[in-house]
Q: 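The structure that follows is given in the form of structure tokens.
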2 protein chains.
Amino acid sequence: MNLEISFPMPKSLLVLILLLSSISPLAAQPQLDLMPLPQNVQLGSGQLLINQSFSVGFTGDKDARLQAAAGRFLQHLSRQTAIPLDTRPSDGANGTLVIAVEHASKQYPELGEDEAYELQVSPSGARLTAPTTLGAMHGLETFLQLVQPSPAGFAVPALVIKDQPRFPWRGLMLDVARRFEPISAIKRTLDGMEALKFNVLHLHFSDDQGFRVESKNFPKLQEKGSDGLYYTQDDIRDLIAYAADRGIRVIPEFDMPGHSISWFAGYPDLASAPGPYRIERTWGIHNPAMDPTRESTYKFLDKFVDEMAGLFPDHYFHIGGDEVNGKQWDANPKIQEFMHSHAIKNDQDLQAYFNSRLEKIVSKHHKLMIGWDEILRPDMPQTIVIQSWRGQASLAQAAKQGYRGLLSSGYYLDLMWPAVMHYNVDPLSGDAANLTPEQKQLILGGEACLWSEYVSPENFDSRLWPRAAAVAERLWSAQNVRDVNSMYQRLEAMRTWLEWLGNTHVSSYYLMLHRLAGEENIGPLKVLGDVVEPVKDYTREDLASTPATSLTPLNRLVDAVPPESEKGRQFADMVQQVVAGKATPALYAQIRAELTLWRANDSRLQPLLQHSLLLKEVAPLSHNLSACAATGLQAIDYLTGGQRPPESWTTQQLSMLQQAMKPGHAQLLLMVAAPIESLVRASAGLHPASAARRRRSSARSGK
Amino acid sequence: MNLEISFPMPKSLLVLILLLSSISPLAAQPQLDLMPLPQNVQLGSGQLLINQSFSVGFTGDKDARLQAAAGRFLQHLSRQTAIPLDTRPSDGANGTLVIAVEHASKQYPELGEDEAYELQVSPSGARLTAPTTLGAMHGLETFLQLVQPSPAGFAVPALVIKDQPRFPWRGLMLDVARRFEPISAIKRTLDGMEALKFNVLHLHFSDDQGFRVESKNFPKLQEKGSDGLYYTQDDIRDLIAYAADRGIRVIPEFDMPGHSISWFAGYPDLASAPGPYRIERTWGIHNPAMDPTRESTYKFLDKFVDEMAGLFPDHYFHIGGDEVNGKQWDANPKIQEFMHSHAIKNDQDLQAYFNSRLEKIVSKHHKLMIGWDEILRPDMPQTIVIQSWRGQASLAQAAKQGYRGLLSSGYYLDLMWPAVMHYNVDPLSGDAANLTPEQKQLILGGEACLWSEYVSPENFDSRLWPRAAAVAERLWSAQNVRDVNSMYQRLEAMRTWLEWLGNTHVSSYYLMLHRLAGEENIGPLKVLGDVVEPVKDYTREDLASTPATSLTPLNRLVDAVPPESEKGRQFADMVQQVVAGKATPALYAQIRAELTLWRANDSRLQPLLQHSLLLKEVAPLSHNLSACAATGLQAIDYLTGGQRPPESWTTQQLSMLQQAMKPGHAQLLLMVAAPIESLVRASAGLHPASAARRRRSSARSGK
């Protein structure tokens, strides 16, 4: 295998992208519900109607994957419109949509393949041209997103789209080690990724809490390390083929030398202290680590990497490499002796020694090594890729030293931040903005990450979607695509589109509320659930009375509600209009209607809360919602009555609202308290509170 | 094979059932969300908590099917509570729930097997006893339905349930011929059937519009007759195993000699007029029928039944036999000559001749013949079973002649009637009520039927669930279980439970509304959708400007909304309180809130309707909703103001409401018009309108 083929895109392509990304994207044009937004859209006049005779033909190369993609496209189109279509693409060059691909893509997608496409739609037909199958597949997804009802029936507007990605590495990392996800969940994730033009699925397969891939060379890895929850090698091959059909690479991660207790359950001799070991159930950073001083460790890893390198066709292989606390090393006299005799000064240097040995093994099996920030040491070859959880600064630092990198800091979906926070994080901002063009080229893109301490198969989709779509757009679209309102409007469309594609973020919320409510009407519970969000960052662990483990049931309201409250955001936007002095009577009426519903909700909800152990904890939150809403209604009365409230009232309400804003009840945040505070301040003629009430904490690795 | 084994239950069991069914069911006891309601429930004190140590053990027979059922039970319980459980049943006799089964059931469930069970739950554990595996499986479903949140966590109340079915044949017939349903849809239906204790899945596999089972003897049946949409023999075996695991028999129906155009597409020589034939796309009764006068027809059918008898293990085999109009026979001189020479007087007699020949073939292959009413002729053997689409009278008639029968009249789910209409239909009412006990014993039960002219994989679940649960209860529970309010309350719980089990009646509605609304907010469309119902009976065909076919897209609002409007029913109940003089201020406020929302809805919805060809047709309906709501608010003003409206107002409003009640717009009915009429009449001091406003038309076969 030629290692060079997986290096980043050729310079000529990069120049083209830089040129194109300076063309302004569709700023002044009518909204199209496309995500990620294409590089260039020129609207024409008229539209192409979708009817029963819709067909697909080919003029260029048509490899099996392209034909399969066209077949799936027709199935989607038929399902989307409910119009029965012949879902077999035609053999010939005729069709309502004609696809012209210059040449087939590689058997498995590779870093740096050309993903550009051009889509022309006129009232009489459509044409999709692309250098490779990968580009054509992206174009088909764009076409599906363009289909909308019209006065004449389902239609696509006449237009020309010229599109290609800004970054060649647009990934999603799923932690299937801490909590396992079944293959069906991964497949529907791949369907969603395809729609959003992600092209890398990075699976964090092993950690202290689980080892999730079948090894035939070392079967005790899965037998002792997984509770029976692992992917067989057939599952993996099936998944890789499914992903490749959708233009998506699959990168395995096996975290070493730390985060590896699940390995030691079957193979205690790998560890730096004697066993026996059992799968770890608690979260956090644990002491056990592989013994980097014994040759048997490398012999094991050589045989292991050999097997996995054969199973995973991608050229890249992720070795983790993060968060080794060195305690087992410090406590082991033999390891200390080894360090002394080899002039290894500290644990960091010992890990560097391990990484250097491991890199040679990975290389020997024709793979390029990826790892988290910690693996970057001056003696590592420049073929490695650094995945940064520390931020643009460390990425820029790596690039200056000639290393390629991926940004994940700011893209941790499990921290429960709103989509806009991720959307505003750019791999080429901060220190990275000052790199030379050649150095910038080393920044390949990024990966959204979902660590799974609080993720079950049930809420997996809602932790991922739709927020991951904001990251998809950041990594694909031009850097100056930054309109947050437009993003949210399109994100709402994606929320539904992803559910069409089989994801369950909407339907699971409904079921989880029903679990909590039992035989009762979920109405009042949903009113509360719609205006709260889980606490952010790692606050959930800080607030827990007993630490959560991998066996903790995820059946509380905090596990059910979406990470971002749509209702809360909309309410805050309405209040923003009031504060800006732009309120109309209709807007006041709408705000009043919401507040009135919330004020009445506590008395409707309390009887239900008393029925259920799981819901008892939300009682104070429910009380706060109604109390805040009552305050909000009074504030509106003052605002519309043209009368200032008494100072004592203002003081009292602001103090109550401060309390209501604090996390603490049921690990949830009440998202309407801050906007109601704004109403109170406006009614009292006070300046708005600091806009940055939503404190943004720096991401920790969280693994 | 011994034919006698599949005869109805032994008399001793019948006597037992008659005795038990006279014990009063839980009339005065607190509501448990069980469906079908058990024969006897004795509540104890306390409850059994479900926690992580919950386990299942066995003391009696534990065949593989029982162990698999216990494993699925544990998976359901774990999913229902989100508590991680070891989902492998124990090998031994210990467990939180101990199952004691006397003996295993047959490999495939059979008519008349003992399905009784007894479930005892105490705070310290539970015990499930049953003569057979089938009964134990029913008891496990009952247990799952009993799990509810409590102040102490998820729990099952302490109780003793003694339960067994009233009828041994509790079926669901799906028409997969007119429109095909994928295996995945049938499987989730089986999951729902298991939960509701249905025990027969009857698949209407062939009709004019399609032939849906692979035949190896006659491959042109599926090749020319199915558009590629058929079940392979492997699919069928998989389905039968899946059903047997859930205690459900699978009965195939191949409709003959009419409703058979799809056969003729591949084998035109079977028909009574020369071909060629193509799959029929239109609905209704068509002329082509098999030629009953040619020996080659019987030779074909002998070989066909032989193959299918081997594929389907159940002892019963359904030959259809309905709706032959005889026109091809009348027009064929050779057939006329045959009738003359054999002294066959008319087409009915010719069909009887065909049935008689077919019955011998079916018998020869060790199956018992079932058919629709028309097959009953004095010369048929008493081993046949009559499935009645004509009603209790024809069923009683058959029983008097010694024939066994099943009721389907009154259970046609595709006619879009509310659950209560089906619930009130009893196989042993009407003429059947006057049968002797021995004759009554011949009435085996019934089958809910879903004919599929307007059923797609997308709305399949909502056409079936939750209404089919009302039929399940009628066929299982005691005859005197008739409380409609209780039924609806439990039906609402089943609506959610069935969605937990993978059915999509709730989630598909959401998606179908989104299809119609495109990028717009579905809120106002849902407000309208929630208070309309599809027109009833076969009105949809009468109202269509162009006749629907099997290729017509099912993407209109009428295809998306549930057959029964929950909101409409609840509103009618509230109005009933007003009319009965029992209204409280809170009730008036609630009615006002609904009416206010509806009054404002048209102006919110109209812009959306103008965007979309598919929605244009609902504009008048949306207008009517708002107009009716405005009238309703005025009526409430009169009622609460203690003032009579002017006579001219009353006349005008009643006339407007009459118009609004008529079907005609978008094939939908506005379900709140009639209750608003009641408000207007009450405000004017007029008598309520006739209660039977919802005309019940007699069912036609509809096939």
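No hydrogens, no waters, no symmetry mates; every other heavy atom, side chains included, goes into these values.
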Q: Pick one of side chain, backbone, both or neither for A:L516, based on which atoms fall under 4.5 Å of a heavy atom in chain B.
A: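 For A:L516, the backbone is the part near chain B, not the side chain.
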Q: Between A:E499 and chain B, which part of the residue has a heavy atom less than 4.5 Å away: side chain, backbone, both or neither?
A: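 The answer is both parts of A:E499.
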Q: What part of B:V506 gets closer than 4.5 Å to chain A, counting heavy atoms only: side chain, backbone, both or neither?
A: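 For B:V506, side-chain heavy atoms alone lie under 4.5 Å from chain A.
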Q: At a 4.5 Å cut-off on heavy atoms, which part of A:S507 comes close to chain B: side chain, backbone, both, or neither?
A: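 Side chain of A:S507 only, per the 4.5 Å heavy-atom cut-off to chain B.
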Q: Rounded to the nearest 0.5 Å, how far does CG of B:L551 lie from CG of A:L85?
A: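 That separation rounds to 11.0 Å.
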Q: To the nearest 0.5 Å, what is the distance between CZ on B:F154 and CZ on A:R515?
A: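 Nearest 0.5 Å value for the CZ-CZ distance: 6.0 Å.
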Q: If I measure from the heavy atoms of chain A, does B:A517 come under 4.5 Å with its side chain, its backbone, both, or neither?
A: backbone
Q: Determine the option with the most heavy-atom pairs under 4.5 angstrom with chain B, choosing from A:P84, A:P149, A:P151.
A: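 Among A:P84, A:P149, A:P151, the one with the most close pairs to chain B is A:P151.
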Q: Under a 4.5 Å cutoff for heavy-atom pairs, which residue among A:A493, A:G153, A:G518, A:S150 has the most contacts with chain B?
A: A:S150
Q: Could you check whether atom CZ of A:R281 has more than 12 heavy atoms from other residues, nucleotides or ligands sitting under 6.0 Å from it?
A: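 Buried by this count: over 12 neighbours within 6.0 Å.
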Q: Let me know which of A:N51, A:T81, A:I83 forms a side-chain contact (heavy atoms from CB on, under 4.5 Å) with B:P553.
A: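 Of the listed options, the one satisfying the test is A:I83.
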Q: Of the non-hydrogen atoms in B:N555 and A:A82, which two are nearest, and what is the gap between them?
A: CB-CB, 3.5 Å
Q: Counting only heavy atoms closer than 4.5 Å, note whether B:Q52 contacts chain A via side chain, backbone, both or neither.
A: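 When you check distances to chain A, only side chain atoms of B:Q52 fall under 4.5 Å.
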Q: Counting only heavy atoms closer than 4.5 Å, note whether A:A152 contacts chain B via side chain, backbone, both or neither.
A: backbone
Q: Write down the atom of B:Y510, the atom of A:T496, and the distance for their closest heavy-atom approach.
A: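 Nearest heavy atoms, B:Y510 then A:T496: OH-OG1, 3.6 Å.
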Q: Has B:K187 got more than 12 heavy atoms of other residues, nucleotides or ligands less than 6.0 Å from its NZ?
A: yes
Q: Let me know if A:E458 has heavy atoms under 4.5 Å from chain B in its side chain, its backbone, both or neither.
A: side chain
Q: Can you tell which part of A:R79 gets under 4.5 Å to a heavy atom of chain B, answering side chain, backbone, both or neither?
A: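 Both the backbone and the side chain of A:R79 come within 4.5 Å of chain B.
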